Structure formats: C-alpha cells, structure tokens
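Since the structure comes first, as structure tokens, the remarks are kept for the end.
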Amino acid sequence: MQISLLMQGTEYGDETLKQAMAQELRTRLLEVEQEGRKLRVYCGFDPRTSDLHLGHTVPMRKMRQFQELGHEVTFVIGRFTSLIGDPSDKDSIRAQITLEEATLNAETYAEQAFKILDPNRTRIAYNDTWLSELTFQDLIKLASNFTFQQFLTRDAFRKRWEAEDPIYLHEFFYALMQGYDAYHLKTDVQIGGTDQLFNIVTAARKLMEVLGERPNIAIIHGILPGTDGVVKMSKSLGNHIPLQTDPEDMYGKVMSVPDIAMSSYFRLVTSLTPTEIDEIEGGLESGEFHPRDVKMRLAREIVGIYHGEDVVDKAEAAFRRVFQEREDPEEMPDLLISHGLALVDVMVEAGLTKSKGEARRLIDQRGVRLDGVVIENPEEILELDEPKVLRVGKRRFLRLLPPEE
RNA sequence: GGGCGGUUACCCAAGUGGCCAAAGGGGGCUGACUGUAAAUCAGCUGGCAUUGCCUUCGGAGGUUCGAAUCCUUCACCGCCCA
C-alpha cells in the first residue's frame, strides 16, 4: 500500500536496483512498525544560493508524501557540504563559498521549504553542526572505505579525467560528507535525484554499513529540466523558476518551457495522478489537446501550488493580455521623470538595460516601444505630457510619468 | 623535484608584433514567424563618446613607435618522468 505510493515516480535507471530498494523499504517499514517508531527520512539541500526553485521541490514533494504517512522528515541544510559543491553539478567547483555566505543564503531556506513541507512535522538540521566536529583521523577512516577507481568510474569524474580537466582532491569528500550525514542522522530513507545515485547508493549506504548502521534506502527521482527544457534546473544557469517569484512571472516562465519537457514537469512538480498524466499525454499524442492549452493547465497547477488557487486566474489573465493579445500589463513599475531626459539614460537608470550602449542597440533593433509605437531614434529625448508605457523587448515594462506641474 | 604543454570575453575555442574589442561555435538578447513551444531566417552580444577615447586576452614588471602576441618574474592547471 504505502510502498506503491512511495515508489511512485521514482527513477533508478536500473530495474534491479529499484526492486531491491522497494523490497528493502517493505522490510524496513515492517521493522520500524515493530519497533514502534516511524521511518526517518532525509534529504539535503545545499544553500549555494539564497533561493529555492522548482527543481528543489521534487525531493521535497516526496518528503511531503512521507510526512503525510506520519514518518519523520529531516530537512538538512547543507551548510558544510555547500563549501565544496557537489561534483555532480558541473560548475559547482568554480565558485567556492564560505560558511558565512552559506549561512546567509540559508536564512530563508526553511521558510521557503515550508511551501511544500509540513512545518509541524519537519525537523531542520544543519550539517556543519556535526561535520565540522570530525577530525582528520575521522576523515581518514571514512576515506579508507573507498577506492580511487570507484570515484573515477562516476560519470562526472570520468568525463573530466578523459578531457584532462582538473579534478580536485577535496571534491571526493563531498560524497563522504553526504554519507556521514545519513549515518549521523541514522536515517532509514534518503531522497535524491538520479544525479545522487553515487552519493546515496555507493557512498552513503556503504559508509552507514561500515560504521555499524543499516544502510538507508534510496528513493531516487527524475531530474527536472530548466526552462530550456534540457539541462537540470539551476540558478547559476539561469534556467530556474524561483519559488519566491510573483504569480505572473511564474506562470510565464512555465509557459516558456519547451513542449518536450512538459511531461517531466507534470510528473515531477504537480499533484496530478499518473492516470491523469497519462490521459493528458494521450490527448497530446492524438492531437485532441493543443500543447499550448496543456501547458497553460500546467502553469495553472504550478502557480496554484505556490500562490493559491485564488490568484491563478489573475496570473493567467495577465499572461493572455500581455503575450497573446499583445497589450500592456495592468501592473508595472512607475517612474517619475523630468522633461528633456534622453531615453537611453532613463532605460539605464531604471535598470531596464545594463548600459547605454545596450539601450541604443535595442532601439536600433526595433525592440523599444513607447505606448506601442516603435522608437526609431537612439537619441530620443523624452517630453511627456501624460503617462506612457515603455516596453523593452518582450517583457520589460515601465510606466513613465511626466513631472508634476 | 625534472621535462613538455597550457591560462583569451558568460562558456568552449582560434589568434604568435601593427589590418585585434580580438575568428568560429555555444549560450543570451532583438526582430520576423508563432502557441512567451520547437524549427527556421535576419541582426546584436566590453564601456563611454555622433569619425575618437578608455578597459579587456592569468598577475606584476620590461622591450618596442606599437604587445593577447617578444622578454623577465610570480601564481595556477594538464601530461610525462621521479
């Protein structure tokens, strides 16, 4: 009963492993029941940036499922692991962050997570509290359980090895640290994406075993692609949909996701049942549904989760207005300007462009409009006697207000 | 520690004294098309300035009328040897 629900949507890339994990989960459930306790479930999130995005919610939704079944969920904030950066992430090595930065970034992590997790049933833990206590001796002991070759067969490392790109020694610690988290928390279940297979299945399970704990069960989910539809969602790539964005923006960002990624989005970040999703996919395939309408449904679902059903209609209306009917949005920032200012200066001042050169370029490319009229002259001087709407490109808007007389 | 090769713009990568703000690709942006999808096409992609100037080719210093390109030195990376 619980098993099928908990294994729902998992993706191991290996049927044998999946069966093994399902079997272990079954056994473990029975055991904890006899012990009169609940499963201890955890997933770690590294605060390498300050905001969580849709991609983070995939494991969080799975955690929520465990919560609903009464299990104990620990939301680990990887303040210590984020110092290294998971080598599974391509460019995480590049920018090392400090504990101070990680702490700052983590400030609102829990608050953001509670959009998905039940705050009353979530334990928050920071992994620096135990990882920073380890001695060099401890580290040696942990490290001695693994061979260099085991790490090297990992895709992330192997590719770099073959490309003769640097692989830093400390990157190997990441898996050890994550494994130690699982050991320290004595977890029964660890959740993560397919990119965490090595960290969870190889490192954590082995470490727990040699340290005298039962290996935790890996619940592995698929990876949510970003708004480009291909690469894993991440803030540093700029293909993310932040949880803390306004409903209109969230709706629009979902709409910009390529069709091919829709199915992943439905499966990974909405509450639709597998049956409902099958119906949608069938309808798409037969041509019964228009992909755009399906995507609008997707956008409604997602906006509804984070902003509430009551604002969904408004977000959708705003989207239709601006992108389908090509009207100006109802709400946009105002800027009071005085007479005789150069348009390019106003654009830079308002943050619509980074430089005057960029502003001129956009005007040149016919990408700047004032009340719908394309501005032709890069040296345009503004003389307003009534408010006008400045549109830069597809989605940058500003209402210019004339000076008060 | 020794030998060799390398460090170029957001990323990859060409460029070995002036024609280099620096080829090409990716990414991003603008426009056309359109469903803020995909594909395609055209263009843009350091800053300031209306013909010019300033900053940029790992850091610092030097040679030269002139350097991403040559020299010195420092730092970092890879390969091979130990």
Side-chain angles (χ1 to χ4, degrees), chain A residues 89-96 157 159-171 225-241 245-266 280-281 283-285 287 289-300 302-303 315-329 342-345 347-349 351-369 372-381 390-397:
Chain A
D89 273 329
K90 287 166 199 57
D91 43 19
S92 59
I93 326 106
R94 249 175 264 285
Q96 289 211 348
F157 288 133
K159 280 186 183 146
R160 279 155 63 188
W161 175 270
E162 283 166 1
E164 300 191 342
D165 284 336
I167 299 168
Y168 290 88
L169 202 52
H170 72 272
E171 295 184 68
T227 51
D228 59 288
V230 182
V231 187
K232 180 186 177 187
M233 183 176 286
S234 90
K235 187 181 183 184
S236 65
L237 290 174
N239 65 356
H240 67 309
I241 303 179
T245 191
D246 60 77
E248 289 78 13
D249 183 55
M250 187 177 266
Y251 192 100
K253 283 202 163 76
V254 174
M255 288 306 288
S256 74
V257 170
D259 291 358
I260 45 158
M262 275 202 281
S263 149
S264 299
Y265 274 67
F266 272 115
I280 290 173
E281 296 192 330
L284 279 172
E285 208 164 318
F289 300 148
H290 191 299
R292 180 204 52 221
D293 298 331
V294 171
K295 207 182 290 174
M296 286 174 85
R297 163 101 193 267
L298 176 66
R300 291 182 63 91
I302 292 173
V303 172
E316 185 169 282
F319 174 80
R320 284 185 190 278
R321 180 187 170 97
V322 176
F323 295 106
Q324 295 185 350
E325 288 148 34
R326 298 275 180 155
E327 301 274 323
D328 292 329
L343 175 57
V344 289
D345 286 329
M347 286 166 71
V348 174
E349 193 61 33
L352 295 174
T353 58
K354 284 199 283 290
S355 68
K356 289 198 246 180
E358 187 189 349
R360 287 202 186 87
R361 234 176 277 134
L362 286 168
I363 294 171
D364 220 43
Q365 295 175 139
R366 306 179 64 77
V368 179
R369 293 181 177 79
V373 181
V374 174
I375 302 291
E376 308 270 354
N377 177 16
E379 308 306 328
E380 184 86 7
I381 302 295
L390 178 65
R391 177 175 192 161
V392 178
K394 281 198 261 284
R395 64 196 103 136
R396 281 165 280 178
F397 292 93

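Please read these numbers as outputs of a predicted model, since none were measured by experiment. Numbers restart at 1 for each chain; the letters A, B, ... are given by sequence-line order, proteins then strands. In what follows, every heavy atom counts, from backbone to side chain, and hydrogens, waters and symmetry copies are set aside.
- Whole-Å rounding puts the A:Tyr251 OH to B:U36 C1' distance at 11 Å.
- Considering only side-chain N and O atoms, A:Arg361 lies under 4.0 angstrom from the phosphate OP1 or OP2 of B:G47.
- Between the base of B:G43 and the side chain of A:Gln365 there is a donor-acceptor pair shorter than 3.5 Å.
- At whole-Å resolution of the value, CZ in A:Arg160 and P in B:C12 are 13 Å apart.
- Look at A:Gln324 and you won't find any side-chain N or O under 4.0 angstrom from OP1 or OP2 of B:G35.
- Comparing B:C53 with B:C20, their P atoms sit 16 Å apart, to the nearest whole Å.
- Spacing between B:U7 and B:C12 at atom P, rounded to whole Å, works out to 12 Å.
- Nucleotides B:C71 and B:U64 are separated by 11 Å at their C1' atoms, to the nearest Å.
- Under the Watson-Crick or G-U wobble criterion, with both distances below 3.5 Å, B:C41 is paired with B:G31.
- Atom OG1 in A:Thr245 sits 8.5 Å away from atom NE2 in A:His240 (nearest 0.5 Å).
- A sub-4.0 Å separation between OP1 or OP2 of B:U30 and a side-chain N or O of A:Arg396 is present.
- The partner of B:G1, taking Watson-Crick or G-U wobble pairs whose two distances both stay under 3.5 Å, is B:C81.
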Per-nucleotide protein contact string for nucleotides 77-82 of chain B (B base, S sugar-phosphate only, - none; heavy atom under 4.0 Å): SSS---
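- On the C1' atoms, B:U16 is 22 Å away from B:G25, given to the nearest whole Å.
- Considering only side-chain N and O atoms, A:Arg366 lies nowhere under 4.0 angstrom from the phosphate OP1 or OP2 of B:C29.
- In terms of position on RNA chain B, the residue among A:Arg369 and A:Met255 whose nearest nucleotide sits closer to the 5' end is A:Arg369.
- Remark: B:U72 base-pairs with B:A60; criterion is Watson-Crick or G-U wobble with both hydrogen-bond distances under 3.5 Å.
- With hydrogens and angles ignored, no donor-acceptor pair closer than 3.5 Å exists between the side chain of A:Asp293 and the base of B:G35.
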For nucleotides 48-52 of chain B, print each protein N/O atom paired with a nucleotide N/O atom at under 3.5 Å, atom names and distance only.
from  : atom 1 : to       : atom 2 : distance (Å)
B:C48 : OP1    : A:Lys356 : N      : 2.9
B:C48 : OP2    : A:Gly357 : N      : 3.0
B:A49 : OP1    : A:Lys356 : NZ     : 2.7

